[in-house]
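Here is the naming used below: chain letters follow the sequence lines, and residue numbers restart at 1 for every chain. All of these numbers come straight from a predicted model, not from anything done at the bench.
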Amino acid sequence: MTNELKPARVRFAPSPTGHLHLGGLRTALFDWLYARRTGGQFVLRIEDTDQKRYNPESLNSLTRGLHWLGLDWDEGPDCGGPFGPYVQSERKAFYATYAQQLVDAGHAYRCYTSETELEELRKQGKEYDRRHRSLTAAQRAAFEAEGRAYVIRFAVPLAGTTVVADAVRGNVVVENQRIPVDPVLVKSDGMPTYHLAVVVDDHLMEITHVLRGEEWLPSAPLHVLIYAALGWEKPVFVHLPIILDPSGKGKMSKRKPVVDGREMPVFVSDFIQEGYLPEAVFNFLANTGWSFDGERDIFTRAEAVARFDVKDISAKATALDYKKLEWLNGIYIRSLAPADLKAHLLPFVAAALGIDEAVLAADQRFDHLIPLIQERIKLLTEAAPLIDWAFSEEIIYSDPAKLVGKKLTAAESVAVLKAGAALLQSVEPFTLHNLEEAFRAQAETMGVKIGSFLAPFRVAITGKTVSPPLFESMVVLGREESVRRVAKAQAVLESYARAAV
RNA sequence: GCCCGUAUCGUCUAGUGGACUAGGACUCAGCCCUUUCAAGGCUGCGACCGGGGUUCGAAUCCCCGUACGGGUACCA
């Protein structure tokens, strides 16, 4: 298709403080979508300017999460690029240079107020009072002579307004007086704050579109002011709507929300662990805050890339609909070729059953079971409980009453089981078709509805009242084991029937 | 408190002044199919936050109110 959009340079700039969150993943996804749509570049940059909250493990989980979703970047800490380094802690020299430039131009100043002094102000309900904004040379020299630590603060204009041009909201106008009083640009430890670093890096890396969460909108005017003070051209701001807790009240937090009594995943690692397919999460996330069109909910990566545009992003915060995500995951599971589903299922089922992956992979029963459960699961984790019976040595009929078919007495169920056992032994060959034919004929002969007739066998074979299709299950198990289970069930039910009388 | 943003079925959304008796999807209910459970098919319930304007005409534009969300750090 013709590409009418200019190639964009976008970046995903997470801070490595913990696990990658769904909201962060969505931001990364939109970044990627826009870069790919326009034929531009997707840059990964690590914003680790807060050494107190730095968590070295988060970088791994971050790249793992992005790769899992199928996102790739053109420049970043791992692969380098022409605008490196891509880790902010390695870019301190840049920030120092531009901070000094701002100070020299009178747009920023050294503030010697200590954190304890600030704390006292705060206790009195006051904010910073710009006390060092216009120090005389002598005052400044005195502080320096004392060896006092300082921060560099931005001198926010005392009057006027600042306009943030946001691609999804239009112009947001803010009075400069409402911008927080002279925000810190460089901390006393020499590290820049987000505000300085993000502006310097986005400019130096030639970022054209800044996609980030809406929580940044309030500080965007400050950023606009910094761009102006430095004489730089601004990027296009695209503030993405916040992803809300499923209840719709409040941002998603680290705490797992509970839906229908179940705890739902919040970190990307949770989604991986709980059996979600990356394609489904991709599709779902693309639909939160953006939509393919009014009619289709399901689309491929390529289709999303071909249609994505930042101007179509919604400004409305969205509650996470886990039910819909699960439904979508089910759709994607059903669309998988059996071999692919097997590959996805292997680690989950092997772990749940306590079987070695290689052993399970070679087990023919597993192959035969997969098509039987494909349309019955929404999550990969749901497979094991559906097929564990096929791999257990012994079925325990702890509740013999379950072996009784609907509208049947225990004694009648014993008779059913007995008749079926005979069939299991005689059917030749032991195939789906033959079994079904024989059982249906027998049920009719005995005047029992097929559903009731089969119920005792379902429990005998699988130990459960809900299972994959029965005849298929018997075939998977084989004649011998099927006969053995039915015989045991029959014995259990007989003694239960006797006791009941 | 102050600042900013947002406001269509319970949820995700389509809708950019007339094509809207407001469309799709999830959820929920019912029916069909059916060896259980699913899957699938069909049907149904269900919304333009309120009030003022502007206009021949408003879900769509403006104002006020309300509600919700976000921000208000030497965190990002």
Readout for nucleotides 30-40 of chain B: B = base within 4.0 Å of protein heavy atom, S = sugar-phosphate only, - = neither; 5' to 3' it is -----BBBBSS
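Across all strands shown, nothing is found opposite rU36(B) as a Watson-Crick or G-U wobble partner with both distances under 3.5 Å. Look at rU21(B): it lacks any Watson-Crick or wobble partner with both distances under 3.5 angstrom. Using Watson-Crick or G-U wobble geometry with both donor-acceptor distances under 3.5 Å, rC49(B) finds its partner in rG65(B). rC9(B) is unpaired under the criterion used here, namely a Watson-Crick or G-U wobble arrangement in which both key atom distances are under 3.5 Å. Summarising the base pairing, rA29(B) is matched to rU43(B) through a Watson-Crick or G-U wobble pair whose two defining distances lie under 3.5 Å. Remark: rC2(B) base-pairs with rG71(B); criterion is Watson-Crick or G-U wobble with both hydrogen-bond distances under 3.5 Å.
Residue Lys324(A) places a side-chain atom within donor-acceptor reach of the base of rC12(B), judged by atom type and a 3.5 Å distance cut-off alone. Ser188(A) contributes a side-chain N or O that forms a donor-acceptor pair with the base of rC74(B) under 3.5 Å.
Applying the 6.0 Å contact sphere to CD of Glu119(A) captures more than 12 heavy atoms from other residues, nucleotides or ligands. Within a 6.0 Å radius of CD in Glu444(A), other residues, nucleotides and ligands contribute 12 heavy atoms or fewer. For Lys256(A), the NZ atom counts as densely surrounded, since its 6.0 Å shell holds more than 12 non-hydrogen atoms of other residues, nucleotides or ligands. Lys449(A) NZ: 12 or fewer foreign heavy atoms inside a 6.0 Å radius. Other residues, nucleotides and ligands contribute more than 12 heavy atoms inside 6.0 Å of the NZ atom of Lys187(A).
Considering only the side chain of Asp50(A), rC75(B) comes nearest among rG5(B), rU6(B), rC75(B). When the nucleotides rU27(B), rG71(B), rC75(B) are ranked by their closest atom to the side chain of Arg53(A), rC75(B) comes out on top. For Arg153(A), whose side chain is taken as the heavy atoms from C-beta onward, the closest listed nucleotide among rG69(B), rG71(B), rC74(B) is rC74(B).
Between rC75(B) and Lys52(A), a contact under 4.0 Å exists linking OP1 or OP2 to a side-chain N or O. Contact check, Lys187(A) against rA76(B): a side-chain N or O comes under 4.0 Å of OP1 or OP2. Taking side-chain N and O atoms only, Thr49(A) has a distance below 4.0 Å to OP1 or OP2 of rA76(B). A sub-4.0 Å separation between OP1 or OP2 of rA7(B) and a side-chain N or O of Arg169(A) is absent. Neither OP1 nor OP2 of rC68(B) sits under 4.0 Å from any side-chain N or O of Lys316(A).
Residue Ser291(A) is classed as a sugar-phosphate contact, given heavy-atom separations below 4.0 Å to backbone atoms only. Residue contacts shown for Gly213(A) are absent, as no nucleic acid heavy atom lies under 4.0 Å away. Counting any heavy atom pair closer than 4.0 Å across all strands shown, Gly289(A) reaches sugar-phosphate atoms only and no base atom. Among the heavy atoms of the strands lying under 4.0 Å from Val172(A) are primed sugar atoms or P, OP1, OP2 only; no base atom is included. Lys251(A) comes within 4.0 angstrom of the backbone, heavy atoms only, and of no base. Using a 4.0 Å heavy-atom distance criterion, Thr116(A) is classed as making no nucleic acid contact. Residue contacts shown for Glu115(A) include a base, since a base heavy atom lies under 4.0 Å away. In this structure, Leu325(A) reaches neither bases nor backbone, as no heavy-atom distance under 4.0 Å exists between it and the strands shown. Ser473(A) comes within 4.0 angstrom of no nucleic acid atom, judged by non-hydrogen atoms across all strands.
If Val173(A) and Lys249(A) are placed on RNA chain B by their nearest nucleotide, the residue sitting closer to the 5' end is Val173(A).
Remark: the separation of the P atoms in rC48(B) and rA22(B) is 11 Å, to the nearest Å. Using C1' as the reference atom, rC61(B) and rG71(B) are 29 Å apart when rounded to the nearest Å. Between rU60(B) and rG51(B), the two P atoms lie 12 Å apart (nearest whole Å). Taking atom C1' in both rC31(B) and rC45(B), one finds a spacing of 15 Å when rounded to whole Å. When the C1' atom is used for both rC74(B) and rG65(B), the distance is 40 Å, rounded to whole Å. As rounded to the nearest Å, rU8(B) and rC20(B) have C1' atoms that lie 12 Å from one another. Taking atom P in both rG30(B) and rG69(B), the straight-line distance is 34 Å, to the nearest Å. Here the separation of rC9(B) from rA59(B), taken at their C1' atoms, is 13 Å to the nearest Å.
The ring of Tyr98(A) has its center no closer than 6.0 angstrom to the ring center of His107(A). For His132(A) and Phe143(A), the ring centers are positioned less than 6.0 Å apart. Taking the six-membered ring for Trp, Phe457(A) and Phe439(A) have ring centres closer than 6.0 Å.
Salt bridge Glu382(A)/Arg262(A): absent, no basic N to carboxylate O contact under 4.0 Å. A salt bridge between Lys92(A) and Asp189(A) is absent, with no side-chain N of the basic residue lying under 4.0 Å from a carboxylate O of the acidic one.
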